[in-house]
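All heavy atoms count here, side chains included; hydrogens, waters and symmetry mates do not. A, B, ... follow the sequence lines: proteins, then strands. Residue 1 opens every chain.
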2 protein chains.
Amino acid sequence: MTRQRQLIYKIIMNTEGHLSADEIFSYAKAEMPSIALGTVYRNLRLMVEDKEIRQIITDYGPDRYDRNMIPHEHLHCDGCGKLVDITFGGLKELLENKGEIAVADYQLNIRGLCPVCNAKQKKIRVQ
Amino acid sequence: MTRQRQLIYKIIMNTEGHLSADEIFSYAKAEMPSIALGTVYRNLRLMVEDKEIRQIITDYGPDRYDRNMIPHEHLHCDGCGKLVDITFGGLKELLENKGEIAVADYQLNIRGLCPVCNAKQKKIRVQ
DNA sequence: TTTAGAAATGAGAATTATTCCTAAATAGGA
DNA sequence: TCCTATTTAGGAATAATTCTCATTTCTAAA
């Protein structure tokens, strides 16, 4: 546990959203100007391996890192553009039973409308 | 519809598995040595946009391209290392109902054991 | 404390995957 | 056939990430 790693960990834990390596690097540099981007990447990888944080791969930019280790899904909203957490329990068990497979981990990325934008859309349709 | 695009399309349609852009480029080059990698990438993007083929993003290498447009999931097997198709119908509707969202598209990547390796594993445990 | 060895860092080069640029080639309709 | 808009080949550029390695920092034994 180096000062660098502590700082990176703290930044992720104090942030609600989903940070990219570069964003984490920027925040870290503000507190420790000497920190290197490679150090951020290396520690992020180690933290993901140690299951301290979660890595979110997307099809529209850099990977993002999430403090929330509870299995959950990610929705990239076409309405507001945000990357939104969707909690949807029991998916692992559902997959294992239906697919006759063993699930070590999974990642579900949805593109569509988040609850807020979806509600707005329905309203518009009804009007 | 250029000769290049026809060739790329044919390669994907004649292949069961999941090809990377580079693999497609290799196969295409065998038939048309002058073809360029950029042409492969451009046409793959266009085909994905036109929903002729499906793009699979993964966390362990380049994107892969799949002729199978029926919604299905991908399992990266820890046992045999293969990228396996898992058919698991009705997930879109399940997500929309439970999450109060609109699903335009989704991608579910599972890491674990495929049906074959999972069956083997169970056998070992029982013995 | 020193000090030896191990581990981690900083800085930047290297790699990987992909997209962009541009002059030349080509498709396909008149 | 001719014209023009589109596409291509080839290579440069970009973005994200990993690697390399000399230097620094940590650890724990002397």
Side-chain angles (χ1 to χ4, degrees), chain A residues 1-12 15 17-66 74 76 81 83 107 109 111, chain B residues 1-12 15 17-50 52-66 74 76 81 83 105 107 109 111:
Chain A
M1 255 299 178
T2 59
R3 290 187 309 125
Q4 286 84 347
R5 181 156 181 179
Q6 277 170 28
L7 175 57
I8 292 163
Y9 186 77
K10 194 188 80 184
I11 288 166
I12 296 168
T15 306
H18 308 93
L19 296 168
S20 66
D22 208 61
E23 286 167 350
I24 294 165
F25 175 60
S26 294
Y27 290 131
K29 217 172 168 63
E31 281 198 42
M32 188 189 289
S34 70
I35 199 167
L37 183 56
T39 302
V40 172
Y41 271 106
R42 184 165 16 76
N43 280 296
L44 288 173
R45 183 164 42 71
L46 293 171
M47 286 181 207
V48 170
E49 281 169 14
D50 293 352
K51 298 191 190 305
E52 292 176 29
I53 60 172
R54 183 172 279 267
Q55 183 177 28
I56 308 162
I57 60 164
T58 72
D59 54 352
Y60 54 89
D63 290 356
R64 297 188 166 268
Y65 297 87
D66 187 352
H74 290 104
H76 185 217
L83 185 64
Q107 188 169 328
N109 287 356
R111 195 177 54 71
Chain B
M1 252 300 176
T2 59
R3 291 185 308 123
Q4 287 83 347
R5 180 156 182 180
Q6 278 171 31
L7 176 56
I8 293 163
Y9 186 78
K10 195 189 79 183
I11 288 166
I12 297 167
T15 305
H18 309 92
L19 297 169
S20 66
D22 207 61
E23 285 166 350
I24 293 165
F25 175 59
S26 294
Y27 290 131
K29 215 171 170 64
E31 281 197 43
M32 189 191 287
S34 70
I35 199 169
L37 183 56
T39 303
V40 172
Y41 270 105
R42 183 164 18 75
N43 279 295
L44 288 173
R45 182 165 42 73
L46 293 171
M47 287 180 208
V48 169
E49 280 169 14
D50 294 351
E52 293 175 30
I53 60 172
R54 183 172 279 267
Q55 182 176 30
I56 310 161
I57 60 165
T58 72
D59 54 352
Y60 54 91
D63 290 358
R64 297 186 166 269
Y65 297 87
D66 187 352
H74 290 103
H76 185 216
L83 185 65
D105 197 15
Q107 188 169 328
N109 286 357
R111 197 176 53 70

What's the CG-P distance between B:Leu19 and C:dA17, to the nearest Å? 15 Å
The side-chain hydrogen bond (donor to acceptor under 3.5 Å, both in side chains) partners of B:Gln6 (sequence neighbours excluded) come to none
Residues of residues 21-43 of chain A with a heavy atom under 4.0 Å from any atom of DNA chain D, listed by number, are A:Leu37, A:Tyr41
side-chain hydrogen bond (donor to acceptor under 3.5 Å, both in side chains) partners of A:Arg111, counting only residues at least two apart: A:Asp78
In whole angstroms, the gap separating P of D:dT17 from CG of A:Leu46 amounts to 15 Å
What I'd like to find out is whether the side chain of A:Asn109 reaches to under 4.5 Å of the side chain of A:Tyr60, using heavy atoms alone. no
For B:Arg5, enumerate each residue passing the side chain to side chain contact (heavy atoms under 4.5 Å, CB included) test, keeping only those at least two apart in sequence or located in another chain. B:Met1, B:Thr2, B:Asn43, B:Leu46, B:Met47, B:Asp50, B:Glu52
Can you sort out the partners of B:Asp63 under side chain to side chain contact (heavy atoms under 4.5 Å, CB included), two or more places apart, ordered by chain and number? B:Gln55, B:Ile57, B:Tyr65
Dump every N/O contact between nucleotides 23-29 of chain C and the protein below 3.5 Å, one line per pair.
none

Partners passing salt bridge (Lys or Arg N to Asp or Glu O under 4.0 Å) against B:Lys10 (at least two apart in sequence or in another chain): B:Glu31
Please list, by residue number, the residues of residues 52-63 of chain A whose heavy atoms come closer than 4.0 Å to an atom of DNA chain C; answer none if no residue qualifies. none
Which angle, to the nearest 10 degrees, lies between the helix axes at the two ends of the helix from C:dT1-D:dA30 to C:dA30-D:dT1, each defined by five pairs? 20°
Test salt bridge (Lys or Arg N to Asp or Glu O under 4.0 Å) applied to B:Arg3 - qualifying residues, sequence neighbours left out: none
List the residues meeting side chain to side chain contact (heavy atoms under 4.5 Å, CB included) with A:Asp22, not counting sequence neighbours, and say none if there are none. A:Ser20, A:Phe25, A:Leu37
Going by salt bridge (Lys or Arg N to Asp or Glu O under 4.0 Å), name the residues that satisfy it together with B:Arg64, two or more places apart in sequence or in a different chain. B:Glu23
Test side chain to side chain contact (heavy atoms under 4.5 Å, CB included), reference B:Ile24, set B:Thr15, B:Leu7, B:Ile12, B:Ile35, output is B:Ile12
